[in-house]
There are 2 protein chains.
Amino acid sequence: MKVRCSSGDKDIRAVWFEDGKVVMIEQRKLPGSLEFVSFDDYREVAEAIRNMTVRGAPSIGASAAYAMCLASLKGEDLSSAVKDIKSARPTANDLFYAVDYMYSALVGGSDPVEAAETYAQSMVDKCTAIGRFGEPLIRDGAKIMTHCNAGALATVDVGTALAPMRAARDAGKKFFVYVSETRPRLQGMQLTAWELVQEGIEHAIIPDGASAHYMSKGVDLIITGADRIAANGDFANKIGTLDKAIAAKHYDVPFYVAAPVSTFDFSTKTGKDIVIEERNEKEVTEIGGFRIAPEGSTALNPAFDVTTADLVSGFITEEGILRPDEIRKVLK
Amino acid sequence: MKVRCSSGDKDIRAVWFEDGKVVMIEQRKLPGSLEFVSFDDYREVAEAIRNMTVRGAPSIGASAAYAMCLASLKGEDLSSAVKDIKSARPTANDLFYAVDYMYSALVGGSDPVEAAETYAQSMVDKCTAIGRFGEPLIRDGAKIMTHCNAGALATVDVGTALAPMRAARDAGKKFFVYVSETRPRLQGMQLTAWELVQEGIEHAIIPDGASAHYMSKGVDLIITGADRIAANGDFANKIGTLDKAIAAKHYDVPFYVAAPVSTFDFSTKTGKDIVIEERNEKEVTEIGGFRIAPEGSTALNPAFDVTTADLVSGFITEEGILRPDEIRKVLK
């Protein structure tokens, strides 16, 4: 991804390996400042995953792969490393997958750096393919809407929902992006808008509640990411996605979901089987530790909602665009 | 409205006249603390309208009426008072109406206090009637959703959208209210939730983007206020209302709008003729003067959206509940 530094533009990733260290963007400092942190001990990387210095399942997975690489390079006990790194976050499937992948590779005698780089690169390759398949959906002059952050910060590089936009920009197309701020944690305002500033892509932040208003005025395309896609095409994504999908149907706006094939979970039959994480209400009722809600009020803070397959125009994957009734194709 | 004070519960209004002074709740201090301010000069009341110590069109109208009362009691030049008070806010129709009403009454020889009290009481009577007509819509055990603040703070007392809830509570019904926080200014979280705490009505604050999620789980009824209702039943209300109305249609949730007949504007044919106020983007990109958005990003901040009549189950007015195709009845 492109980032604008005082020393000029750079092309970097959310996390990478350099001179024996894992380097990553300190995402908690965004969008106020772009800072980097580096670690040569796998425990420090696990802590960075835990404290959300790095976030986004694929970026977490890559960080975990690099952490295993560090453990191997320093001759640490790999079984302990597996346990320590896996315990960093409770629900990120990519985290467990990456650690297991690396353990097998290392036990099988693979080069630690090469194995971790292969893991990270595979994610970037998938995102690049998603961008290639999604790019033709964006016409020159289009108005696009997105939600939360499904960008390069979350996926090592390129992004999922932002991949077709980066590809369309590279193809010379002009377009405008409505970025819904994504309360309560504001990943749309603070991460997606930041990525678009770096890339020089024209955009505006909107309150989540302004989504239908702008669709009523004319939006050509909505692209979001997905956290999990069930066998019937229902999918879970950041809270607020469902409101947009319903309004998109109402106004006949095409609604696309960009996600790698690994997001499909065929063991989950429908969206009803997806358990929604309820997060701490303080994310809603406090800002910077200061209470903004009345004393005596409580808040509900579901992390995700489930959008039903009938509202989805298509899933943009690294294997092509699939309608909800076509997703079983990826099983082959 | 009921308020909980250290000295016990009290029944007060948002603004009233007492011992020769206009007294009002300092709404800018809510929900952190309940404070009152009082004025014996009409210019101070005009300033309180300007700086949003008092907000909500009907409460502003009543404050303006009391300000005219002060001007008369102190023998001030009434024409100057009319001009000064009307200039306090640019777009509040109730403000202009109240000032003209009082000027006519005072020039006609009416008692200043009596005329202002009559004006304020008429608003409260309308809200009480809205509550009476709306109350039967709320079944015992209902789950209700509302947006922004259409409560007693905005309407001298009782409220519009909150009137049926107060009436249902008084009728002994139990119910639960989802209060969407209403970004960017958070009137749902900071004013509506505060009123419900005072009244002891069970509720939870939700991010605006969680509205469809909770409708998908089961909501019985949505009630919002309205800022202006066009001749065809389209209406303008706080941004985020349209998203809820569309989701309500999708999930077959009845969607009601509570508003006095004075909100109907038959000179406006459809919602397309309603001009939407665009407010300062800093309401979105800053919190407490601190920038939370990336440098280089802009934000869009429409104050209202327009919900089309086909999404409205009915308008709860002081003359009864009217379907969108019935609203011309109020012209008689």
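Since the structure is predicted, the reported quantities are computational estimates derived from the model, not experimental observations. Throughout, protein chains are lettered first and strands after them, A, B, ... in sequence-line order, and every chain is numbered starting at 1.
Residues M189(B) and V284(A) form a side-chain contact, since some pair of their non-hydrogen atoms from C-beta on lies under 4.5 Å apart.
With sequence neighbours excluded, the residues satisfying ring-ring contact (aromatic ring centres under 6.0 Å, His included) with F36(A) are W16(A). Contacts of Y214(B) classified as ring-ring contact (aromatic ring centres under 6.0 Å, His included), with partners at least two apart in sequence or in another chain: Y178(B).
Of the possible polar contacts, one joining the Q190(A) side chain to the I292(B) backbone as a donor-acceptor pair under 3.5 Å is found.
Heavy atoms of L191(A) lying under 4.5 Å from chain B are absent altogether. For L300(A), the parts lying near chain B are the backbone and the side chain together; criterion is any non-hydrogen pair under 4.5 Å. For E295(B), the part lying under 4.5 angstrom from a heavy atom of chain A is the backbone only. Of the two parts of F304(B), only the backbone, made up of N, CA, C and O, holds a non-hydrogen atom closer than 4.5 Å to a non-hydrogen atom of chain A. For L311(A), the part sitting under 4.5 Å from any heavy atom of chain B is the side chain, from C-beta outward, and nothing else.
At a heavy-atom separation below 4.5 angstrom, chain B is approached by W194(A), V197(A) within residues 194-202 of chain A. Residues of residues 221-228 of chain B never come within less than 4.5 angstrom of chain A, heavy atom to heavy atom.
Across I206(B), D243(B), D305(B), the residue that shares the most heavy-atom pairs under 4.5 angstrom with chain A is D243(B). If you tally non-hydrogen atom pairs under 4.5 Å between each of P31(B), S180(B), P294(B) and chain A, the highest count goes to P294(B). Contact count versus chain A (heavy atoms, under 4.5 Å) is highest, among I205(B), T308(B), L242(B), L186(B), for I205(B). Looking only at heavy-atom pairs under 4.5 Å with chain B, the residue among D208(A), I246(A), T285(A) that has the most is I246(A). Taking chain B as the reference chain and counting heavy-atom pairs below 4.5 Å, the highest number among P302(A), S216(A), G288(A), A245(A) is found for P302(A). The residue among A293(B), G296(B), A247(B) with the most heavy atom pairs within less than 4.5 Å of chain A is A293(B).
Residue K249(B) holds its NZ atom at 8.5 Å from NE2 of H250(A), rounded to the nearest 0.5 Å. In this structure, CD in E181(A) is found 4.0 Å from CZ in R183(B), a value given to the nearest 0.5 Å.
None of I276(A), V306(A), T241(A), T307(A) except one satisfies the side chain to side chain contact (heavy atoms under 4.5 Å, CB included) rule with H213(B); the exception is I276(A).
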